[in-house]
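What follows is a set of notes on a single structure, which appears directly below.
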Amino acid sequence: MTTDAPAGPRRSDATKAAILEAARERFAADGYERATIRAIARDAGIDPSMVMRYYGNKEGLFAAASELDLRLPDVGALPDKHIGAVLVTHFLDRWEGDDVLTAMLRVGVTNPAGAERMRAVLGEQLGPIAAGLCPDPADAPRRAALASSQILGMALARYVLKFPPAVEMTREEVVAWLAPTVQRYLTAETP
């Protein structure tokens with residue numbers, strides 16, 4: 001009688017995870033254009049052919065490395081007056097705790113594939129929130145774009161360009177300034 005040991009993580013899963021971690025770090029440090037398959041493979045401690053085997057090309061690797069769930073909070077049960085503050089606070093938490101978002105923003109402003117990826121992530125994840133909150137669900141894409149402009153603008157100023165006034169603001173100040181605008185974009189009647 002043989003006893004099969006429980007299957008642990010497959011070696012290929014560990015290799016893919018190492019590649020994605022190295023790719024995220026390299027894209028964050030170098031941007032999309034300067035990051036190379038060779039450098040990513042070197043960082044992951046593998047042969048470049050393995051990167052190509054799993055992801056096909058640099059674009060495929062970037063798409064996989066930039067796959068992310070924003071883990072947006074459920075704001076549907078909140079009173080309208082709190083929605084902006086909850087969303088802005090959530091995004092501050094994410095920007096400050098996740099280098100992938102900063103990397104995506106850097107790549108998004110310099111590369112068409114990165115810009116498309118940012119549009120897709122925000123559209124797919126913030127769009128449904130806007131549709132559930134705004135008075136006219138047909139207007140949700142525009143409202144999600146407006147809310148994104150506020151959130152991305154602050155992220156660019158604070159975490160990428162590091163404008164001193166934006167960096168020096170406390171979290172509470174950032175929330176106090178941005179939350180009313182984000183809330184208005186998502187919940188107010190169309191002007």
Side-chain angles (χ1 to χ4, degrees), residues 17 19-35 40 43 61-76 78 80-134 140-187:
I19 292 169
L20 289 178
E21 181 178 342
R24 288 180 182 118
E25 290 175 8
R26 183 61 59 176
F27 286 129
D30 296 347
Y32 181 86
E33 299 300 331
R34 291 189 337 221
I40 292 166
D43 294 347
L61 176 59
F62 177 73
S66 62
E67 189 68 38
L68 74 126
D69 179 359
L70 295 174
R71 298 187 301 272
L72 292 172
D74 180 9
V75 295
L78 293 175
D80 283 357
K81 67 182 183 177
H82 297 299
I83 291 170
V86 167
L87 286 173
V88 172
T89 300
H90 176 77
F91 273 101
L92 288 172
D93 290 343
R94 292 302 312 271
W95 287 109
E96 291 169 4
D98 189 345
D99 291 339
V100 175
L101 283 174
T102 304
M104 282 184 63
L105 183 58
R106 283 191 185 114
V107 172
V109 297
T110 61
N111 177 273
E116 177 54 38
R117 190 73 201 112
M118 283 295 284
R119 284 191 297 270
V121 166
L122 286 165
E124 292 166 3
Q125 297 182 43
L126 190 55
I129 288 176
L133 294 173
C134 70
R142 181 179 359 197
R143 289 168 179 266
L146 288 166
S148 295
S149 74
Q150 295 300 302
I151 293 164
L152 292 174
M154 179 52 81
L156 184 65
R158 188 173 171 100
Y159 303 113
V160 176
L161 300 175
K162 300 186 189 291
F163 286 162
V167 172
E168 292 163 5
M169 291 174 73
T170 66
R171 289 171 53 90
E172 293 76 19
E173 290 172 316
V174 172
V175 172
W177 279 99
L178 292 186
T181 302
V182 169
Q183 186 166 305
R184 180 174 57 85
Y185 284 157
L186 294 174
T187 64

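Under the side chain to side chain contact (heavy atoms under 4.5 Å, CB included) criterion, Ala157 pairs with Phe163, Ala166, not counting sequence neighbours. By the side chain to side chain donor-acceptor pair (under 3.5 Å) test, Tyr185 is found to be paired with no residue, residues two or more places apart in sequence or in another chain being considered. Under the side chain to side chain contact (heavy atoms under 4.5 Å, CB included) criterion, Ala23 pairs with Phe27, Ile40, Leu61, Ala65, sequence neighbours left out. Taking Glu124 as the reference, nothing meets the side chain to side chain donor-acceptor pair (under 3.5 Å) condition, with sequence neighbours excluded. Residues forming a side chain to side chain donor-acceptor pair (under 3.5 Å) with Gln125 (at least two apart in sequence, or on another chain): none. Evaluation of the side chain to side chain contact (heavy atoms under 4.5 Å, CB included) rule for Ala85 yields Val175, Ala179 as partners, not counting sequence neighbours. Residues satisfying the salt bridge (charged side-chain N to carboxylate O under 4.0 Å, His left out) test with Arg143, not counting sequence neighbours, are Asp139.
Among all heavy-atom pairs drawn from Gly127 and Ala144, the shortest one is CA-CB, 4.0 Å.
The shortest distance between side-chain heavy atoms of Leu122 and Leu70 falls below 4.5 Å.
The closest donor-acceptor contact from the side chain of Arg158 to the backbone of Met169 lies under 3.5 Å.
For the side-chain hydrogen bond (donor to acceptor under 3.5 Å, both in side chains) condition, the pairs that include at least one residue of residues 86-96, sequence neighbours left out, are Asp93-Arg171, Arg94-Asp98, Glu96-Tyr159, Glu96-Arg171. Here salt bridge (charged side-chain N to carboxylate O under 4.0 Å, His left out) pairs that include residues 62-74, with residues two or more places apart or in two chains, are Glu67-Arg117. For residues 100-116, every residue pair satisfying the side-chain hydrogen bond (donor to acceptor under 3.5 Å, both in side chains) rule, not counting sequence neighbours, is listed here: Glu33-Asn111, Glu116-Arg119.
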